[in-house]
Amino acid sequence: MKMIHSLFLINCSGDIFLEKHWKSVVSQSVCDYFFEAQEKAADVENVPPVISTPHHYLISIYRDKLFFVSVIQTEVPPLFVIEFLHRVADTFQDYFGECSEAAIKDNVVIVYELLEEMLDNGFPLATESNILKELIKPPTILRSVVNSITGSSNVGDTLPTGQLSNIPWRRAGVKYTNNEAYFDVVEEIDAIIDKSGSTVFAEIQGVIDACIKLSGMPDLSLSFMNPRLLDDVSFHPCIRFKRWESERVLSFIPPDGNFRLISYRVSSQNLVAIPVYVKHSISFKENSSCGRFDVTIGPKQNMGKTIEGVTVTVHMPKVVLNMNLTPTQGSYTFDPVTKVLTWDVGKITPQKLPSLKGLVNLQSGAPKPEENPSLNIQFKIQQLAISGLKVNRLDMYGEKYKPFKGVKYVTKAGKFQVRT
Amino acid sequence: MSSNSFAYNEQSGGGEATELGQEATSTISPSGAFGLFSSDLKKNEDLKQMLESNKDSAKLDAMKRIVGMIAKGKNASELFPAVVKNVASKNIEIKKLVYVYLVRYAEEQQDLALLSISTFQRALKDPNQLIRASALRVLSSIRVPIIVPIMMLAIKEAAADLSPYVRKNAAHAIQKLYSLDPEQKEMLIEVIEKLLKDKSILVAGSVVMAFEEVCPDRIDLIHKNYRKLCNLLVDVEEWGQVVIIHMLTRYARTQFVSPWREDDGLEDNEKSFYDSDDEQKEKTDKRKKPYTMDPDHRLLIRNTKPLLQSRNAAVVMAVAQLYWHISPKSEAGIISKSLVRLLRSNREVQYIVLQNIATMSIQRKLEILTNLANEANISTLLREFQTYVKSQDKQFAAATIQTIGRCAANISEVTDTCLSGLVCLLSNRDEIVVAESVVVIKKLLQMQPAQHGEIIKHMAKLLDSITVPVARASILWLIGENCERVPKIAPDVLRKMAKSFTSEDDLVKLQILNLGAKLYLTNSKQTKLLTQYILNLGKYDQNYDIRDRTRFIRQLIVPNEKSGALSKYAKKIFLAQKPAPLLESPFKDRDHFQLGTLSHTLNAKAAGYLELSNWPEVAPDPSVRNVEVIDLAKEWTPAGKAKNENPTKKFYSESEEEEDSSDSSSDSGSESGSESGEEDEEGDSSEDSSEDSSSEPESESGRQSDTENRRVAKRNSKTKGKGDSKDEKKENEKSKTSDSSNAESSSVEESSSDSESESESESESESRKVTKEKEKKTKQDRNRLATDVSLLDLDDFNPVSTPVALPTPALSPSLIADLEGLNLSTSSSVISVSTPVFVPMKTHVLLHRMSGKGLAAHYSFPRQPCIFGDKMVSVQITLNNTTDKKIENIHIREKKLPIGMQMHVFNPIESLEPEGSITVSMGIDFCDSTQTASFQLCTKDDCFSVNIQPPVGELLLPVAMSEKDFKKEQGMLTGMNETSATIIAAPQNFPPSVILQKVINVANAGVVPSGQDNIHRFAAKTVHSGSLMLVTVELKEGSTAQLIINTEKTVIGSVLLRELKPVLSQG
């Protein structure tokens, strides 16, 4: 298993703007196969992640409008490479605040140093952000000023302590004046609602993101009021699996800074509350060039919280030429090229339900669309985890100080689709 | 030196070439933020100056710009001399960037790169482990062959470094050195062996990686570290986990027996079949023994489970494939949840995971599909499908319909629901949807030709509206097939079609002709004129296929004086029962690759793919995984033992000699050596172990339990004879596990008996077991054959059932010799039947499980002399029960054999357990013809008509004769007894081995030793009449060959010629 041989970063217009080789150099021309595949795929999103070329295999990911194309020569689990490439992108994001062409180009030296540390001979070496940050300091304006004056570098000269310990994700000697630990419980509802308003499929995908700024080596345990809710959980490596198995308590020594503690799934259908409902009547008349469009959206099981940030997107059928609609609230746009209707609703107030009504102009002569488009809905509910998950308490051992603790809940729509 | 400069020249030449290439690319790419660095040669001059300046900041600046150039893919090789000077810089950032540069360009500038080596050698001794490690990293990344010895030395030193981080880097360097110079393999393996023993979690992943790269076949290096790796696994970093899990999956497949139960419910037959002599008893004992999983196997499965909850998709997938490939089927279910979770991940992850899930679900199609779709949720599913069907994407809709079809086909309970759902779709407005539905309905009805008259009527009505040719053709075919069920409609349809015949698509025309023919045969009163009209139309059609078909049908069905015997069979030809098609998913053929691999994703073998071996029949000695505690093992005294309270040590400890003996025996077990060799081995190992036991009488408790164990063993062997090694093993295992669990409690019972004696007796029995097992197997095989022969004249012959599901017996060379002695040939003395050179594993479907209501039957030709009669061809039938109920009383009835043919049926099988499979033998005398033997395969409730049609090559028995005899016989079989053909094929198809393989694959013939390289001769005789069949392949100049067949049986001869010709000419 020789892993990643080379990496090319390609932007949307097809320029290779960065290349890195961990073994002998592979010519850029290998990317032609990738471009070929890209041309074949109708959508940028649809380039196959694994492409076979006569001498190499290309495994690519698409992140933030950039393609990370890695060159592989021999058998390797594709997920291994994919997962690694995503980790690279995550690291860039972490270091530069965004994973964009401009950011990478501006920090090309750091990027190179990072890639050098992350892979050795194509095999991952250090991928934990805590360790990388000790080896290579992230750029800050202050540091770059200081560096240019003093000539000091942003490269560490000692081995990160984490590398050697059994907790490779945490750096040693962390010190804060304000010790804080914040947890964000974020839940997304994936649902398909059919024509009649009944739920075809509903599932909650949740994550707990942590931001931990605690000095020393804190040992935390986080317990829930109702841990049985969590159906399928995946953990950050820091979590002690045995404790979870036996006591359903998350016990861990956290990495320093931001990280994803767990992600989980709540899938039994009856548990999933659907916070909005949609009344819709979309009809196209046979042999006439117009149709009617009428959509009203309202709150359902919202646990008394306000639903905000509501957006409705509809991919109208191809025969639709234009739409003349009036919203009672918010604003709408219709793109006649992509046929996408977007209605930015905003907050839902139960007293006056937002609706969007009007006429649809169809291409004359074309047969009427056979099926009605489905509505994709986005929303956000603050202060609520729709699954009902609640953090019970957070305890800290191993350190003497009293940390400041906080938990925030938010529910969002994931892939939330209403068929009409 | 000269070679050096040569290399340099070559390299610099290459450098220029790349430079040109780079120039070209740089003109294409727009210079955005990189405009600063655009490849201006003058710029390079100023970079050189900066590098030579005294200020670190200037150097750093220069290096940063150079790295920028490298990143952009621009050539910066001409700066090499200036850069390499800075390798010893004190500034760590400059140093790092110089390293980056060096690794990139050292290969092109080997001479200059050597200048930097001494710096690295110094750095390798640096007190800072980070510096040591990075020096090793860069040194090993410089791909310059001259420094191989230096690298080797550095790796060896680093492997013994105190810092695990440096050792980790050493493991990485191993791979780099190996790819630079594969000749260092042996030395590197030594280092790997050493590093494998490392207990640091930091090293584990990297060294296993190196192992996989350098010596994946040296599985023996893993044994001692297996348990450690299993236990460390959870703590290893995620990338290492993936590699280790993949390696352990392969390891488990070679070291443990299969936990998948395949053959139950055969015991009864077997017992009654075999006499109660030792070997057989042993065998049945073995079968009866419930499968117990090796504790190490269990350890691996248990320790990987938590990793299913890793955040890393690759780890989850690795565990999933491990469960899939090595865990008992009942436990593999737990992976599904985690895989579903991965589906929520990135698009790329989804892509890979879905592919893997597809393969999994196909392999266990029934289980998963019934899980997914059962009676309860099929309506939900169908409703969901209905939404999809309406989708604007018609391709997608068509795919959905196919899926519905597959659901219906696989789950018989829902077929009706699906059918009615599909029929609803027939009234859909969209033509593609309707067409697809019709095609699927056709397939479904073909599988279940029961009472679906209504549907057919409905479809007949649809003919008026559907225009898609495939759908029309399908409907017509369906009506034709079922014309007796819809006697009123069919002629009407034909009438309509006759009217529109000229305007139809060719595909439809052909089906109209078929429909006409079928109706003519079943209902000639009404349709005679119509059919003739259609035939007349067809006669003058533009398409020659249709004209052809017309002529053919006319000859067949319209009686006239010329029409021969065939017209008698016309009805049979047209209205024969057609086997139902199998609706399969396009992901079918991926399953032979290990899941989660690149090869699996691409469905093609990627370089470096390591095949996952099949489970061994007999597990190699598990004691090789025992870890010796070196001191204790070497100076083993009772005192030392008393001190030893560590349970794991107690459990695993074992003397060294012990290890060796078991090692050797396990080796012999895995090799397929000759029998005599194994016997020697057996003697050796038992000697060894007895020596061991006698050399340790000092240990008090050891002796006690030792004798205890021995007594148990003896008792066992007394009661059950030789054949108890398996049981013994089981017992040992039991006590072993209880031993480990009770190890802390020092109260002396048998279970907590001393570990030493425990493992001693275990490995003794183990080693004996391995050799015995092997011997036993061969004996068994021989015995079975022997019984076959001796049972020849017994009336109450019971079905021969092979112990394993394999339909064809594996013949070892020694067996062939045995067989030769047992030959049954009664034919003339000149022709002596020899043993088959090769037995193809090919099986043919006798009865598909869908049409057999869950009873599936396959037949194959074992190419053995038939024991039921010397004019018969022996046929092996494997019956599978795929239902969940017992199938009772399987027997054969109503033989409809052509005149002269005879058949010796197998005795009724009383019952076949669910998921059970049984192999029985039959003899059929085909009278040297390829006519089909039709008969009915019956169960208690049902009867299924089945046919066996022998390939012509199976009607033969191989004959051994000399070249002289061959020529003599050939001389007598000339003229009309000779058929020949010329074959044209590429010369690479003609090495002797290939020709031999190809001919033998097709025909059961014997090879005649040939004096000439270009002539290959094969001899056989027909089974029934014993006529000689001589095949000659003579290679000619160029790429042609002459194939000659001499035989009295000219019909078979020409059929064989026809069959051999394409086989030999294709690549």
Side-chain angles (χ1 to χ4, degrees), chain A residues 1-2 15-16 18-21 24 27-28 45 48-50 52 57 61-62 72-80 82-83 86 102 105-106 108-109 112-113 116 120-121 123-124 151 153-155 157-159 163-164 166 168 200 205 232-237 241 260 263 265 317 370-371 419, chain B residues 25 29-30 32-34 56-57 64 67-68 71 73 91-93 96 100 107 128-130 137 143 164-165 172 175-176 209 212-213 235 237-239 242-243 306 309-314 317-318 337 341 344 346-349 351-352 384 387 390 392 596-599 601-602 606-609:
Chain A
M1 267 197 273
K2 282 179 201 156
D15 303 321
I16 302 169
L18 186 113
E19 62 177 68
K20 166 90 182 117
H21 308 275
S24 41
S27 155
Q28 286 195 348
E45 296 260 348
V50 183
S52 174
Y57 305 99
I61 65 160
Y62 182 65
I72 312 290
Q73 251 176 341
T74 51
E75 173 62 49
V76 55
L79 275 183
F80 187 104
I82 289 169
E83 187 77 15
H86 276 293
K105 278 180 168 174
D106 287 346
V108 73
V109 174
Y112 239 67
E113 284 168 345
E116 190 73 17
D120 179 21
N121 194 36
F123 189 75
S153 71
N154 52 358
V155 176
D157 60 352
T158 47
L159 186 66
Q163 266 297 30
L164 296 171
N166 278 343
V200 177
Q205 304 280 350
D232 178 32
V233 194
S234 79
F235 296 129
H236 188 276
F241 182 71
R260 176 153 295 174
S263 46
R265 207 155 58 101
E370 210 167 286
E371 96 183 310
R419 290 184 183 148
Chain B
T25 49
S29 52
F34 277 84
D56 270 0
S57 59
K64 282 185 174 170
V67 167
N91 183 314
I92 194 138
E93 190 165 18
K96 279 216 159 176
V100 169
E107 211 172 358
N128 184 336
Q129 48 181 342
L130 183 65
R137 257 175 78 188
R143 289 166 295 275
Y165 184 69
H172 286 202
Q175 302 162 56
K176 297 184 220 171
M209 184 73 206
E212 291 278 82
E213 175 84 346
D235 295 322
E237 36 90 40
E238 38 200 343
W239 312 108
V242 178
V243 178
Q309 290 180 307
S310 169
R311 62 171 169 172
N312 188 321
M317 192 66 226
K337 221 185 226 177
R341 186 184 68 233
R344 219 350 247 247
N346 305 303
R347 172 185 75 95
E348 296 87 8
V349 175
Y351 176 89
I352 306 288
E384 193 63 20
T387 324
K390 273 193 243 149
Q392 291 170 358
T597 59
L598 182 63
S599 307
T601 305
L602 296 167
Y609 173 73

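Each chain gets a letter, A, B and so on, in the order the sequences are listed, and its residues count up from 1.
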> Does the side chain of A/P77 reach to within under 4.5 Å of the side chain of B/M317, using non-hydrogen atoms?
Replying inline: no
> Just wondering, do B/R311 and A/R260 contact through their side chains at under 4.5 Å, heavy atoms?
Replying inline: no
>> Less than 4.5 Å to any heavy atom of chain B: does that hold for the side chain of A/Y112, its backbone, both, or neither?
In response: side chain
> How many angstroms lie between OG1 in A/T74 and CD in B/E213, if you round to the nearest 0.5 Å?
Replying inline: 6.5 Å
> Considering only heavy atoms, which portion of A/E83 lies under 4.5 Å from any heavy atom of chain B: side chain, backbone, both, or neither?
Replying inline: both
>> Pair B/R137, B/K176 - check side-chain contact (heavy atoms from CB on, under 4.5 Å), show working.
In response: CA-CA 9 Å; B/R137 257 175 78 188; B/K176 297 184 220 171; 4.1 Å; yes
> Could you give the distance from CD (B/Q175) to CE (B/M209), rounded to the nearest 0.5 Å?
Replying inline: 5.0 Å
> So, do A/Y57 and A/P78 sit near enough that their side-chain heavy atoms are less than 4.5 Å apart?
Replying inline: no
> Who among A/H236, A/H86, A/K20 has the most heavy-atom pairs with chain B under 4.5 Å?
Replying inline: A/H86
> Given that the side chain runs from C-beta out, which part of A/F241 has a heavy atom under 4.5 Å from chain B: side chain, backbone, both or neither?
Replying inline: side chain
>> Less than 4.5 Å to any heavy atom of chain B: does that hold for the side chain of A/S27, its backbone, both, or neither?
In response: neither
>> Please classify the contact between A/I82 and chain B as side chain, backbone, both or neither, with a heavy-atom cut-off of under 4.5 Å.
In response: side chain
> Between A/V50, A/D120, A/V109, A/I61, which shows the greatest number of heavy-atom pairs under 4.5 Å with chain B?
Replying inline: A/D120
